[in-house]
Chemist: 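My questions all concern the structure below.
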Protein chains: 2
Amino acid sequence: MDLEAVRTFVAVAEAGQFQKAAADLSITQQAVSKRIATLERTLGVRLFTRGPRGAELTIDGQAFLPHARELLRVAERAGASVCPGHRPLRVDVIASRSAQSGLMRGFHHAHPEIDLDVMMLLDIETAVAAIRSGAIDASFRAVAAPGRPLPEDIESVRVLDEPLQLMTGPAHALAGARSVTLAQLTGHRIWMPGILPGSEWAAYYDDLVAEFGLTIEATGPNFGSDALLDTIADTPALATFMGEPTRLVWPADHGLRRIPVTDPTPVYPHSLLWHRDNPHPALATLRAHLAALAAGHDAAGTWTPDWVIPH
Amino acid sequence: MDLEAVRTFVAVAEAGQFQKAAADLSITQQAVSKRIATLERTLGVRLFTRGPRGAELTIDGQAFLPHARELLRVAERAGASVCPGHRPLRVDVIASRSAQSGLMRGFHHAHPEIDLDVMMLLDIETAVAAIRSGAIDASFRAVAAPGRPLPEDIESVRVLDEPLQLMTGPAHALAGARSVTLAQLTGHRIWMPGILPGSEWAAYYDDLVAEFGLTIEATGPNFGSDALLDTIADTPALATFMGEPTRLVWPADHGLRRIPVTDPTPVYPHSLLWHRDNPHPALATLRAHLAALAAGHDAAGTWTPDWVIPH
DNA sequence: AGCAATCCACAACAATCAGTTGTTCACTAA
DNA sequence: TTAGTGAACAACTGATTGTTGTGGATTGCT
């Protein structure tokens, strides 16, 4: 199926006749006739009834028309997604940090007129390089990792503190607790698969380990949160940290326990990074939106690594 | 932008290299190289970084990939929408009878796996002809009009009785009523623009007029329910009939009044029509869905023309 | 370092396709 | 009957696409 043919089909459907459509498209009537004939042959149905007064849509044509329009719309969006100059705002989020995509969902809901492309890059180095090159406009990260200050042309602001909760199976020693303190977790095994060594997460949990003496195991690849929760539910000796789920649903018989952590509550600090000179107009809107959300947070009783940039 | 090029792009992105993608598409590696080069030229950006180990997506490529996949998905749905043999279930509804599209929304919600094409044909003759020819699978209509029995190969079942309510502006004589009877409407002017003479609606309201002596004016073209409600709100002498709105929203300051009609309540009978021999598997599902909804209705205290097929 | 293997790009050629001009056919209105 | 309108067919031409053949760049093995 040829997009030009589809475009021609829509033009004829709107014009009501081949000749006018040809004029609209700046081609000859014969070319339109050929394109429609080819399209009809590929689809295997007749799209127009040709009469002496022009062309009218058949029932099949009427059914096809909205799909054709949708196809052209999607094609235009696809082209615009990489159009240098005025493409959608490209925001990078960390995979499996649902709080970040939750923020972007909220932004999209508040500003549905702004075209967005939410992406997931590999690591903060890639993200920073992409921001500096202009390939992406903003990135959600937990910055800055210790000893790796951001380049001068990258700006950042802390936008969300995500309180971490403890997830355990029903047979875990702490399964019955209404809440636990970080100190109570000393000696317990916390499983956080999929954390890359050297990443900002690794630094975060390294600090947590150093300060409170938990055992954090980052071994094994990350098979997704479903697999993680399956294992947690079945393994009495294991627990994991997780943010407040925004819309997470798991089978009720899993028996998973979600236990708040207090005194202090470890929070995972999300920051937004962008290039000092990025001219994308939607970037300012995003920053304003996030700034409005972040206003008035309370840092009392929470814990973050001391290298985290302050508010 | 060429759909074959987009398909090639996705194949390369999935294969990770041009050669394997070429094998998957049963063309030569050089053809793949050319297609990608052309696509990159049209889009104006580089989509892959070519290395000695294959091709990797650039950031632009990563942003484009989901759009490309969506494009192929939509193209496939567009083709399937007219595919003879196993196309989506085609159901015809009457324009501006929101209760019918409401029923179809409910069906779609209950059976999201069933592909649907909801269409709006002109009149019942067209619809019956389309059903007999197999061009559409089902049609919502108010049948049968007096003196025009359905052909023998068309089956029908009454699926929804839609109670009509009176809509008036704030200055209308009945604006303050909690409810009105049909007899109270004698002499009042009811405006129902856009009703075609000879249509099933016309027959419905003709009977209503004959029995209760209202004045129904069907003059003027239908500019849509927004324009209709605007006029009703501003004209003290006019009112109109309307079904229970499913999700209708109008500006609060319109001052429109929605008044139930009783003793009896006129109901607009919606029926589903289909061809006796239609083999579409989803048609049976739709009939079962609607039959479950229609079960156990109560005809007491309602009015329909006596030519309406009974339950 | 040398060599083979892998992978992509360029060049030349063949086949096909799309668009144009010229013309014919079908139907309607005067 | 005769214009007039609108679409389809035919022949031609230029452009596009895919093929084969080949070259350049990088990696890994010996």
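Naming convention: chains lettered A, B, ... in sequence-line order (proteins, then strands); numbering from 1 in each chain.
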Chemist: Taking the side chain of A:Lys34 as its heavy atoms from C-beta onward, which of D:dA8, C:dG19, D:dT22 lies nearest to it?
Modeler: C:dG19
Chemist: For A:Ser33 and A:Gln29, indicate whether the former's side chain and the latter's backbone hold a donor-acceptor pair under 3.5 Å.
Modeler: no
Chemist: I need the CD1-P distance between A:Ile36 and C:dG19, as an integer number of Å.
Modeler: 12 Å
Chemist: I want to verify a distance call: between D:dG6, C:dC7, D:dT19, whose nearest atom is closest to the B:Gln17 side chain?
Modeler: C:dC7
Chemist: Between C:dC7, C:dT28, C:dT21, which nucleotide gets closest to the side-chain atoms of A:Pro52?
Modeler: C:dT28
Chemist: In terms of side-chain heavy atoms of B:Gln30, which of D:dA7, C:dC10, D:dG18 is nearest?
Modeler: C:dC10
Chemist: Please tell me which of the listed nucleotides, C:dA29, D:dA8, D:dT19, lies nearest to the side chain of A:Arg46?
Modeler: D:dA8
Chemist: Do the rings of B:Phe48 and B:Phe18 sit parallel, tilted or perpendicular, given the 30° and 60° boundaries?
Modeler: perpendicular
Chemist: Name the nucleic acid region contacted by B:Ala37, choosing base, sugar-phosphate or nothing; use a 4.0 angstrom heavy-atom cut-off, strictly under.
Modeler: nothing
Chemist: Is the backbone N or O of B:Ser133 less than 3.5 Å from a side-chain atom of B:His275, with the two atoms forming a donor-acceptor pair by type?
Modeler: no
Chemist: Do B:Gln100 and B:Val91 come within less than 4.5 Å of each other through their side chains, counting heavy atoms only?
Modeler: no
Chemist: When you get a sec, tell me which of D:dT19, C:dC8, D:dA7 is the closest nucleotide to the side chain of B:Arg50?
Modeler: C:dC8
Chemist: Of the nucleotides C:dA9, D:dA7, C:dG19, which has the atom closest to the A:Ala31 side chain?
Modeler: C:dG19
Chemist: With hydrogens left out and only the distance checked, is there a donor-acceptor pair under 3.5 Å joining A:Gln29's side chain and the base of D:dG6?
Modeler: no
Chemist: Between A:Arg53 and A:Thr38, which has a closest nucleotide on DNA chain C that is more 5'?
Modeler: A:Thr38
